[in-house]
Amino acid sequence: MATITIGENFSETGKLLKKISHKLELASDLDPLMELIGDARYVLLGEASHGTHEYYTWRTRLSKRLIAEKGFSFIAVEGDWPDCYRVNRFIKGYDNAGTTAIDVLKEFNRWPTWMWANWEIVQLVEWLQKHNKNFPANKRTGFYGIDVYSFWESMEFLLQYLKQKDPETLKAAEKVVQCFEPYGKDEGRSYARATYASLASCEDEIVQMLSRLRKNIAKYNTDYEAVFSASQNALVAVNAEKYYRAMVKAGAESWNIRDTHMVDTLSRLMEFHGPKAKAIVWEHNTHIGDARATDMKREGMVNVGQLVKEQSDALGVVRVGFGSYKGSVIAGREWGAPLQRMKIPPARDGSWEKLLHDTGKKNMLLLSRDLAKEKVFQKKFDHRAIGVVYNPEFERYGNYVPSLIPERYEAFIFLDETMGLHPLQVKDNPDQIPETYPWGE
């Protein structure tokens with residue numbers, strides 16, 4: 001399939017885009033998207049970076065409407081289960097769940113902290129807590145992390161839980177920790193290298209722990225959601241170990257393990273919330289946009305957007321991509337580096353973002369059913385993607401994913417100029433409320 005190239009004349013295409021796009025200024029301007037969503041039970045909301053203010057605030061506006069108007073059950077995010085489960089307990093009003101949203105979010109201390117420990121999420125968490133007070137405990141909206149990175153945090157939670165509930169399985173969990181301890185807590189890199197060289201494996205210990213947990217879990221009683229959380233932490237440990245073993249190999253295996261884990265977790269959450277459950281997912285475009293509409297397919301990669309569509313299309317799946325033309329972003333120059341507010345250069349010629357910018361409209365909403373009617377959009381456009389590691393000066397060499405936009409998403413939100421979000425954990429007075437807080441409606 002052809003890809004739009006630099007230097008191609010976009011004037012007529014830009015006019016067409018301007019005609020079929022919807023304005024986007026207020027939360028009420030999301031009405032066409034709300035109509036498109038209809039009774040869909042999965043709404044996946046993307047972002048073109050992990051550090052952009054407007055992506056968070058527009059996802060918040062849409063999420064509020066989905067929860068208040070359509071009864072969505074929970075928000076699942078690209079975050080760690082233990083940290084996000086603390087947020088879930090806080091917004092649902094559990095005992096000893098924290099005093100303020102700021103205190104709870106400050107517990108996000110694993111890099112990149114800014115993804116969830118930021119003022120934009122404070123606003124969302126405060127709203128969720130207030131909203132939930134109007135409902136009985138079993139009808140309150142949840143907040144969960146569905147990623148696979150929290151091996152040590154999940155094991156720590158599990159050890160504490162099993163001390164109270166299951167001494168037999170506790171011994172199996174302690175054997176897992178003892179097996180992993182020689183390799184440190186370096187995101188699994190040392191363990192991955194050891195397993196690749198056939199010098200070690202903790203797979204048997206992990207499997208035995210999960211087997212014992214599943215055998216005994218029916219005896220744990222009391223707090224049903226805490227029992228679910230314990231089983232989820234065990235599953236994180238199992239899949240993290242698989243991820244570590246795959247991460248040193250070339251190819252798509254580690255990526256596919258991670259995204260499959262996220263989809264499995266999402267399915268477990270849907271089952272937990274009952275037959276009428278509805279899910280909102282917050283993740284990067286590279287996860288929620290259909291991999292089959294990008295060069296990821298050629299590399300053997302699958303992702304959340306593809307798998308949810310394949311498995312649950314009959315229930316209704318709407319995937320919303322996000323993008324911007326220029327601005328600033330919070331990111332690090334390498335993994336583990338201090339966060340920085342970096343300038344995002346104008347999108348390069350030939351890109352989807354440059355084409356949208358050239359329409360002259362500041363912000364807009366596009367529905368893929370309208371794009372699909374036009375032949376010009378059956379071509380792939382370069383579509384910008386910024387991660388937690390970002391070096392703006394290298395943009396010409398990467399950061400763009402060739403994408404067939406109408407097949408990657410059901411809708412797209414374009415914000416011409418954006419700014420970096422507002423992290424809580426900064427050196428100068430981290431509790432200072434930004435002047436513009438709260439944002440939007």
Side-chain angles (χ1 to χ4, degrees), residues 24-30 45-68 75 77-79 83-84 86-93 97-109 111-134 141-143 145 280 282-284 320 322 324 326-332 338-344 362-363 386 388 413-441:
L24 192 64
E25 297 175 0
L26 306 173
S28 58
D29 294 330
L30 293 167
L45 305 181
E47 58 182 354
S49 85
H50 287 309
T52 297
H53 167 80
E54 288 81 1
Y55 299 156
Y56 282 70
T57 54
W58 275 105
R59 290 189 300 188
T60 292
R61 290 184 181 109
L62 181 55
S63 296
K64 287 180 181 179
R65 292 195 60 180
L66 291 172
I67 293 165
I75 299 174
V77 305
E78 189 179 340
D83 287 336
C84 294
R86 282 195 296 269
V87 175
N88 178 69
R89 288 178 54 80
F90 175 76
I91 64 176
K92 289 184 176 180
T99 305
T100 69
I102 294 174
D103 290 339
V104 174
L105 291 170
K106 278 186 176 181
E107 294 296 315
F108 285 79
N109 54 22
W111 197 92
T113 57
W114 67 84
M115 274 184 64
W116 305 113
N118 59 65
W119 278 98
E120 288 78 358
I121 293 296
V122 169
Q123 181 181 357
L124 172 64
V125 169
E126 289 176 343
W127 183 87
L128 287 168
Q129 184 196 40
K130 182 178 180 180
H131 172 81
N132 278 339
K133 290 179 179 179
N134 300 317
T141 305
F143 185 93
I280 304 168
W282 285 30
E283 295 192 314
H284 198 280
V320 185
F322 281 69
S324 58
K326 67 177 181 179
S328 63
V329 67
I330 297 295
L339 65 87
Q340 295 183 41
R341 189 173 298 273
M342 304 180 190
K343 182 178 180 180
I344 302 175
K362 184 178 179 181
N363 299 332
I386 295 172
V388 291
I413 287 177
F414 175 71
L415 308 162
D416 190 65
E417 185 169 0
T418 53
M419 65 178 177
L421 53 70
H422 302 80
L424 288 178
Q425 295 168 332
V426 294
K427 291 181 180 179
D428 299 327
N429 194 7
D431 293 343
Q432 182 177 351
I433 300 175
E435 292 182 2
T436 53
Y437 175 89
W439 303 276
E441 298 78 17

- Just by distance, with hydrogens left out, do Trp127 and Thr60 show a side-chain donor and acceptor under 3.5 Å apart? no
What are the two closest non-hydrogen atoms of [X] and [Y], and how far apart are they?
X: Phe322; Y: Glu47; answer: CB-CA, 3.9 Å
X: Leu415; Y: Ser324; answer: O-CB, 2.8 Å
X: Glu54; Y: Met419; answer: OE1-N, 2.9 Å

Do side-chain atoms of [X] reach the backbone of [Y] as a donor and acceptor pair under 3.5 angstrom?
X: Asn132; Y: Gln129; result: no
X: Thr100; Y: Asp103; result: yes
X: His50; Y: Ile386; result: no
X: Asn109; Y: Lys106; result: no
X: Ser328; Y: Gly420; result: yes

- So OG1 of Thr418 and NZ of Lys326: to nearest 0.5 Å the spacing works out to 10.5 Å
- Spacing of Met342 atom CE and Ile330 atom CD1 [to the nearest 0.5 Å]: 8.5 Å
- Task: Hey, can you tell me if Trp116 and Trp282 have their rings parallel, tilted or perpendicular (30° and 60° cut-offs)?
- Result: tilted
